[in-house]
Amino acid sequence: MAGAAEERGPGPAEGEQRQEQHVACQVFPERLAEGKPGQGFLSSFFNNNRKCQLMLLKTLETSSRMLGRALRSPLGLSTPIQENLCAITNQRVYRPLLEQDPYVKLLLDAMKHSGCAVNKERHFSCEDCNGNVSGGFDASTSQIVLCQNNIRNQSHMNRVVTHELIHAFDHCRAHVNWFTDLRHLACSEVRAANLSGDCSLVNEIFRLHFGLKQHHQTCVRDRAILSILAVRNISKEVAQKAVDEVFESCFNDHEPFGRIPHNKTYARYAHRDFQNRDRYYANI
Amino acid sequence: MADGGGWRPPRPCEAYRAEWKLCRSARHFLHHYYVHGERPACEQWRRDLASCREWEERRSAEAQRSLCESERARVQATRKHALVWALRQSPPADWHLPLPQEEKDQ
């Protein structure tokens with residue numbers, strides 16, 4: 001289980017077929033108006049919305065905090081039984097069950113450090129989306145949109161949140177001209193495809209894209225182009241040209257990870273390095 | 001580089017050991033080949049681990065110099081490519097502002 005938990009798993013086969021076409025788009029050209037689901041789909045809307053909210057909560061909430069709340073006695077004191085439970089559940093074998101996704105944890109910490117602390121209610125929205133998009137970052141409102149009708153499992157939610165947080169991180173740390181400079185959009189999409197786990201070997205195999213030597217780069221290019229085409233009314237050739245122009249620079253920009261996080265182990269190491277950055281830069 | 005009096009290795013020695021161990025793993029070989037199309041180079045992590053331990057045991061100036069040089073080279077490697085965009089001096093002004101009123105009313 002620990003091995004399986006290391007990879008950013010694509011989810012069950014049924015969901016994977018949908019994921020084949022799913023792209024995370026940067027800015028929605030048309031967000032469906034909130035609060036106006038068709039009467040016939042009201043029940044489905046609220047069910048999907050609740051599922052989305054719960055999965056998002058799981059992605060964002062630090063599990064140790066959740067465990068702490070669960071174990072706290074009414075008097076706010078820990079008992080010997082509770083202390084033993086903590087000791088047991090801190091063991092390595094239980095970590096995958098309790099750990100907040102390390103990709104998300106690092107991104108949230110990095111954004112807070114950059115002055116963009118993320119608030120779940122303000123910066124996330126679960127909505128129905130057109131087409132096969134999984135999510136998007138709306139730069140005009142600084143909000144991440146999660147497509148509740150297209151995100152089916154927790155693993156997928158974690159990956160979509162990571163992808164969109166990378167866009168949000170870029171928005172926070174740089175003057176990104178999302179709407180007026182195609183190269184900026186292309187750069188953020190290259191980074192998001194590269195660093196979110198979208199193009200992991202396992203995910204590509206599940207998409208029936210077989211390739212090994214340098215295939216990661218092919219995947220990043222292709223998915224960046226797909227994401228651009230999802231939000232811009234341009235030809236594939238124009239999108240490809242923009243990706244080609246920025247690829248060298250943006251593929252090698254690994255902030256805030258400092259490396260390409262191939263799985264959760266790399267993401268944990270990246271988070272460890274992020275927490276150590278003061279010592280690091282003071283001693284080189 | 002910080003003054004020798006207050007200096008310590010940029011990373012704990014255990015971090016160098018963990019990086020070296022990860023670099024030499026079969027999984028990392030696969031990931032690296034999948035991304036870069038070549039085998040990874042792990043020797044520098046081994047040298048850094050040795051330097052770190054040497055500094056811990058003997059406070060060797062040569063070990064300190066070697067570590068600093070190695071880490072500065074790593075930082076330089078990350079700054080090799082010019083950024084596509086200009087970095088901000090401060091976060092976006094509207095990041096923390098409430099959502100537009102018409103959305104809230106809906």
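Letters go in sequence order (proteins before strands), and every chain restarts at 1. In this text the structure is predicted, and so the values were computed from the model without any measurement.
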Under a 4.5 Å cut-off applied to non-hydrogen side-chain atoms, are A:Y280 and B:V75 in contact? yes
Strictly under 6.0 Å, is that where the ring centroids of B:H31 and A:Y266 end up? yes
Please state whether the side chain, the backbone, both or neither of A:S114 comes within less than 4.5 Å of a heavy atom of chain B. backbone
Distance alone, cut at 3.5 Å: any donor-acceptor contact between the side chains of B:Y34 and A:Q214? no
Is the closest side-chain heavy-atom distance between A:L201 and B:Y33 below 4.5 Å? no
Examine whether an atom of A:N194 lies under 4.5 Å from a heavy atom of chain B, and if so say whether it belongs to the side chain, the backbone or both; otherwise answer neither. neither
Nearest non-hydrogen partners of A:D273 and B:R11, listed with the distance: OD2-NH1, 3.5 Å
Measure the spacing between SG of A:C172 and CG of B:L87 and express it to the nearest 0.5 Å. 11.0 Å
Among residues 16-25 of chain B, which residues come closer than 4.5 Å to chain A, judged by heavy atom distances? B:A18, B:E19, B:L22
Measuring heavy-atom distances to chain B, does A:R277 have an atom under 4.5 Å in its side chain, in its backbone, in both, or in neither? neither
On a heavy-atom basis, which atom in B:P91 and which in A:C116 lie closest, and how many Å separate them? CB-SG, 3.6 Å
Select one option (side chain, backbone, both, neither) describing which atoms of A:E204 are under 4.5 Å from chain B's heavy atoms. side chain
Quick one: side-chain contact (heavy atoms from CB on, under 4.5 Å) partners of A:A117, sequence neighbours excluded? A:K112, B:H96
Is the shortest heavy-atom distance from the side chain of B:P12 to the side chain of A:R279 under 4.5 Å? yes
Looking at side-chain heavy atoms only, is the closest gap between A:D253 and B:V84 below 4.5 Å? no
So B:W85 and A:H184, do their side chains get closer than 4.5 Å, heavy atoms only? yes
Contact class of B:L67 relative to chain A, heavy atoms under 4.5 angstrom: neither
Nearest heavy-atom contact between A:R122 and B:L97 is NE-O, 2.6 Å
Kindly indicate whether the side chain of B:L99, heavy atoms from C-beta on, has any atom under 4.5 Å from the side chain of A:Q143. yes
How close do B:H81 and A:N252 get, counting heavy atoms only, and between which atoms? NE2-ND2, 3.4 Å
Here the gap from B:D94 atom CG to A:S142 atom OG, rounded to the nearest 0.5 Å, amounts to 4.0 Å
In sequence, state the C-alpha distance, the side-chain angles, and the governing distance for A:I284 and B:W7, and then conclude on side-chain contact (heavy atoms from CB on, under 4.5 Å). CA-CA 9 Å; A:I284 61 170; B:W7 188 87; over 6 Å; no
Closest non-hydrogen atom pair between A:N283 and B:P10, with its separation: O-CG, 3.7 Å
Mind checking the CG-NE2 spacing from B:L30 to A:H262? Nearest 0.5 Å is all I need. 9.5 Å
Would you kindly say whether B:W95 and A:H171 are connected by a side-chain donor-acceptor distance under 3.5 Å? no
For chain A, the option from B:A15, B:A86, B:A77 that forms the most heavy-atom pairs under 4.5 Å: B:A86
Do A:R173 and B:R88 come close enough that some side-chain heavy atom pair is under 4.5 Å? no
